[in-house]
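Heads up: the structure comes next, in structure tokens.
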There are 2 protein chains.
Amino acid sequence: MAENAPRRQPTLDEVAERAGVSRSVASRALNNAPHVSRAKREAVERAVRQLGYVPNPTARALATRRAGAAALVVSGEDPSIFADPFFAQVIVGASGALEEADLHLMLCLAASDRGRKRVGELLRSKGADGVMLMALREDDPLIRMAEEAEMPVVFGGRPVGPVPRWYVDVDNVGGAREATEYLASRGRTRVAAICGRLDTEAGRARYRGYRDAMLAAGLDPFPPQEGDFTEPSGAAAMAVLLAEHPDLDGVFAANDNMGAGALRTLREAGRPVPADVAVVGFDDLAVARIADPPLTTVHQPITAFGREMARMLVALVNGQDPTPLILPTRLVTRSSA
Amino acid sequence: MAENAPRRQPTLDEVAERAGVSRSVASRALNNAPHVSRAKREAVERAVRQLGYVPNPTARALATRRAGAAALVVSGEDPSIFADPFFAQVIVGASGALEEADLHLMLCLAASDRGRKRVGELLRSKGADGVMLMALREDDPLIRMAEEAEMPVVFGGRPVGPVPRWYVDVDNVGGAREATEYLASRGRTRVAAICGRLDTEAGRARYRGYRDAMLAAGLDPFPPQEGDFTEPSGAAAMAVLLAEHPDLDGVFAANDNMGAGALRTLREAGRPVPADVAVVGFDDLAVARIADPPLTTVHQPITAFGREMARMLVALVNGQDPTPLILPTRLVTRSSA
DNA sequence: CCAGGAACTGGGAGCGCTTCCAGTTCCAGG
DNA sequence: CCTGGAACTGGAAGCGCTCCCAGTTCCTGG
């Protein structure tokens with residue numbers, strides 16, 4: 001900026017004039033709409049090139065009533081929740097799908113009151129064509145904001161409470177069940193659960209899956225040892241578990257971060273993994289591979305999760321009525337169990 | 001959506017009518033500009049509340065010629081570069097600063113040609129008020145796009161080549177030097193470097209810092225063993241190093257991901273850390289704390305990095321001329337060195 | 001009591017684009 | 001040679017907001 005002459009951006013009028021056509025024709029040519037003769041279309045293209053014209057997205061948005069953008073909002077009382085690499089992968093997927101639909105991605109970290117207020121305004125204004133909501137907690141104010149919004153909203157992961165109309169989720173119950181069954185099948189009988197926040201549906205569902213599998217295997221489920229999906233919370237939960245149940249021989253952690261934390265505590269406590277205690281995580285993020293020992297974990301297709309969420313939103317924006325989606329998980333065995 | 005009556009959003013005109021004032025007064029009241037009597041201001045506020053009015057950001061943007069949004073673009077030939085938790089932290093910082101300035105954050109992963117083209121259009125249209133550019137490689141097409149743009153651009157990390165007018169960077173040379181000096185001060189004499197991509201300035205600068213410190217300590221710098229900032233590349237680089245220089249006793253890795261990879265290879269090779277080989281990383285991401293052993297590393301203030309980048313952009317957007325910023329690093333000693 | 005400002009008000013002209021629609025051109029068929 | 005309709009064109013009306021500016025009201029001091 002600033003280096004160049006402060007000449008204004010050329011407008012469509014100037015393009016039209018230069019091409020010797022009317023503004024409407026120029027507009028149609030640009031959006032390659034019908035009713036433009038080949039000759040004029042080319043004239044417009046030439047003028048565009050000569051002038052270095054780029055349409056003003058704002059004006060276009062105003063005229064079409066389409067913002068040309070979708071928002072991804074990540075809830076949480078603390079922006080650091082976003083540090084979880086999970087979201088980065090979701091974004092990669094969503095970004096790609098949005099790019100295909102020529103929509104921009106707006107990212108909102110709705111942590112502060114101010115942030116939530118801005119999301120509320122976004123939902124009620126026409127600042128975006130649709131919104132993807134993630135990491136909602138029980139009674140999250142965003143839930144009701146979303147209900148009241150006259151704008152397409154897709155949920156990334158079902159929230160606690162009534163099931164929304166449009167969502168993408170992962171088979172949390174099934175994944176947790178599979179992980180626990182695996183542990184049981186390897187002869188582990190005293191398997192504890194480090195579960196995620198129980199004010200999220202993912203936290204609850206994964207615990208349910210664990211409990212179901214334990215009962216089905218004729219084992220006693222442990223009460224939930226709650227963490228908050230972070231590594232330190234996993235380490236802390238593991239410490240409590242070790243103190244209360246020194247004889248445990250397996251742990252299902254509701255995500256890899258907490259699994260890594262559990263591994264750390266076990267290492268510090270001198271309990272070899274998996275010889276003494278087997279550990280299974282959930283997510284299959286990079287940390288699972290890096291952990292020592294590498295973490296057996298429930299893989300979920302995170303990039304696909306983001307992609308499908310965005311595709312669903314695009315469908316909604318285009319007036320279709322897509323069906324909710326539940327993505328499958330699969331167990332990835334490494335050496336921790 | 002869809003549940004409610006399809007009534008249109010109320011407009012400012014309706015608010016004005018309801019409040020019994022003119023549109024201009026309503027507008028001024030909304031933007032709490034001067035020249036509005038207390039009574040009318042309150043009347044407008046009441047009408048806004050009754051109607052549930054929310055200003056249309058697009059119309060506002062068109063009229064003010066302010067998009068109300070800033071873009072953060074992450075370059076790279078592969079969107080997976082974004083999976084590096086580094087960016088998540090930058091975003092947390094940037095998002096907060098942007099929120100203070102009431103700007104939305106648009107995120108662009110400029111990986112594909114199409115993605116780059118869209119960024120180019122963004123830069124030339126008025127789709128955003130300014131742009132933050134990150135992860136630029138040598139000869140990155142985005143560099144020249146940015147030069148030609150008549151729009152505020154802040155670089156996050158200097159690119160290879162001419163120094164841009166506005167940037168935020170971290171003291172890569174100093175950090176790398178400190179890390180290497182530390183290794184030398186602990187008696188390590190055969191210290192190798194796993195460096196980052198040498199087509200990035202961060203990769204080069206960190207290697208320079210390493211080399212400077214080695215020479216200053218009277219030691220022989222190793223030639224750069226290049227990785228791409230990912231964990232597997234660090235593991236691979238470490239393997240090569242071990243094969244070529246089995247007698248090395250220290251490694252400076254240009255980031256924590258690669259440091260973690262190096263740790264993994266060393267573990268698999270049965271070389272105890274730090275007893276046999278000391279390892280230092282760079283970044284101080286979560287992985288450094290989780291690694292086994294926890295990684296001594298060069299801390300960089302990543303959230304501040306994002307925050308300052310955004311603040312600089314906001315200053316630019318407001319017509320100021322901020323000065324570039326280089327953030328300090330500091331060594332965090334854990335047990336890997 | 002009046003002139004002169006300060007404070008306030010609201011009409012109207014945009015911002016740059018899309019799109020409706022009335023009008024024009026063109027051509028095949030009668 | 002004329003008619004009717006398809007193909008195309010361009011003027012004009014917005015989209016919803018801001019902001020200039022001319023006009024009005026309301027004080028104050030002389």
Side-chain angles (χ1 to χ4, degrees), chain A residues 6-44 47-48 51-69 102 121-122 124-129 150, chain B residues 7-44 47-48 51-69 102 121-122 124-129 150-151:
Chain A
R7 65 165 196 292
R8 244 177 51 283
Q9 296 269 338
T11 72
L12 187 55
D13 274 306
E14 297 170 50
V15 171
E17 185 179 21
R18 177 138 198 161
V21 304
S22 79
R23 184 158 22 104
S24 337
V25 172
S27 170
R28 263 178 257 136
L30 239 57
N31 300 292
N32 45 52
H35 304 311
V36 181
S37 67
R38 191 173 164 68
K40 301 217 165 182
R41 194 178 294 274
E42 281 167 1
V44 170
V48 164
L51 259 34
Y53 170 78
V54 181
N56 179 319
T58 308
R60 186 183 295 218
L62 185 60
T64 57
R65 291 111 171 278
R66 285 247 190 164
D102 238 312
E121 281 165 8
L122 190 66
R124 299 167 54 210
S125 73
K126 300 298 299 166
D129 295 323
E150 311 184 40
Chain B
R7 65 164 197 294
R8 246 179 48 285
Q9 295 270 338
T11 71
L12 187 55
D13 274 306
E14 296 170 51
V15 170
E17 185 179 20
R18 175 139 201 162
V21 304
S22 79
R23 184 163 19 101
S24 334
V25 173
S27 170
R28 262 178 258 138
L30 240 55
N31 300 291
N32 44 52
H35 305 310
V36 181
S37 68
R38 190 173 165 67
K40 302 218 164 181
R41 193 178 293 274
E42 282 167 2
V44 170
V48 164
L51 260 33
Y53 169 78
V54 182
N56 180 319
T58 308
R60 189 184 295 222
L62 185 60
T64 57
R65 290 110 171 282
R66 285 248 192 163
D102 240 312
E121 280 165 9
L122 190 67
R124 299 167 54 209
S125 73
K126 301 297 298 167
D129 295 323
E150 311 185 42
M151 180 186 292

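What's counted below: heavy atoms across the whole structure, side chains too, no hydrogens, waters or symmetry copies. First the proteins, then the strands, lettered A, B, ... as listed; each starts at 1.
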Base versus backbone protein contacts along nucleotides 20-27 of chain D [heavy-atom cut-off under 4.0 Å; B, S, -]: --------

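Nucleotide C/dG16 holds its P atom 17 Å from the CG atom of A/N31, rounded to whole Å. Nucleotide D/dC15 holds its P atom 11 Å from the CD atom of B/E14, rounded to whole Å. As a whole-Å value, the separation of A/R38 CZ from D/dC8 P is 12 Å. Between the C1' atom of C/dC17 and the CZ atom of A/R65 lies a distance of 13 Å, rounded to the nearest Å. The interatomic distance linking A/E17 (CD) with C/dG16 (C1') rounds to 15 Å, in whole Å. For the pair A/R23 CZ and C/dC15 C1', the interatomic distance rounds to 12 Å; values are reported in whole Å. In this structure, B/K126 atom NZ and D/dC17 atom P are separated by 21 Å, rounded to whole Å. As a whole-Å value, the separation of B/L62 CG from C/dA13 C1' is 13 Å.
Across all their heavy atoms, A/A61 and B/T58 have their closest contact at CB-CG2, 3.5 Å. Nearest heavy-atom pair across B/A67 and B/G127 is CB-O, 3.5 Å.
Once rounded to the nearest 0.5 Å, the distance linking CG of B/D129 with OG1 of B/T64 reads 8.0 Å.
Pairs passing the salt bridge (Lys or Arg N to Asp or Glu O under 4.0 Å) check and including a residue from residues 30-44 of chain A, sequence neighbours excluded, read A/R38-A/E42. Listed by first then second residue, pairs satisfying salt bridge (Lys or Arg N to Asp or Glu O under 4.0 Å) with a partner in residues 53-64 of chain B number zero, not counting sequence neighbours.
A/V48 is listed as a side-chain neighbour of A/V44, based on a closest heavy-atom distance under 4.5 Å. Using a 4.5 Å cut-off on side-chain heavy atoms (C-beta onward), B/V15 and B/L30 make no contact.
Every residue meeting the side chain to side chain contact (heavy atoms under 4.5 Å, CB included) condition with B/P57, not counting sequence neighbours, appears here in chain and number order: A/S125.
For C/dT18, the OP1/OP2 oxygens have a side-chain nitrogen or oxygen of A/S27 closer than 4.0 Å. The side chain of B/T64 places no N or O atom within less than 4.0 Å of a non-bridging phosphate oxygen (OP1 or OP2) of D/dT18. Within the structure, a side-chain polar atom (N or O) of B/K40 is placed less than 4.0 Å from OP1 or OP2 of C/dG10.
You'll find that the side chain of A/L12 is closest to C/dT18, out of C/dG16, C/dT18, C/dG11.
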Sequence neighbours excluded and cut-off under 3.5 Å, please list the side-chain donor-acceptor pairs for residues 17-26 of chain A, or say none.
{"residue": "A/R18", "atom": "NE", "partner": "A/Q50", "partner atom": "OE1", "Å": "2.8"}
{"residue": "A/R18", "atom": "NH2", "partner": "A/Q50", "partner atom": "OE1", "Å": "3.3"}
{"residue": "A/S22", "atom": "OG", "partner": "A/S24", "partner atom": "N", "Å": "3.4"}
{"residue": "A/S22", "atom": "OG", "partner": "A/V25", "partner atom": "N", "Å": "3.4"}
{"residue": "A/R23", "atom": "NE", "partner": "A/D13", "partner atom": "OD1", "Å": "2.7"}

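Although no hydrogens or angles enter the test, the distance criterion places no donor-acceptor pair under 3.5 Å between the side chain of B/R65 and the main chain of B/K126. Side-chain atoms of A/Q9 come within 3.5 Å of backbone atoms of B/R124 as a donor-acceptor pair (strictly under, hydrogens ignored).
Using a 4.0 Å cutoff on non-hydrogen atoms, no part of residues 53-61 of chain A comes near DNA chain D.
Axis angle between the ends of the helix from C/dC1-D/dG30 to C/dG30-D/dC1, five pairs each and rounded to 10 degrees, works out to 40°.
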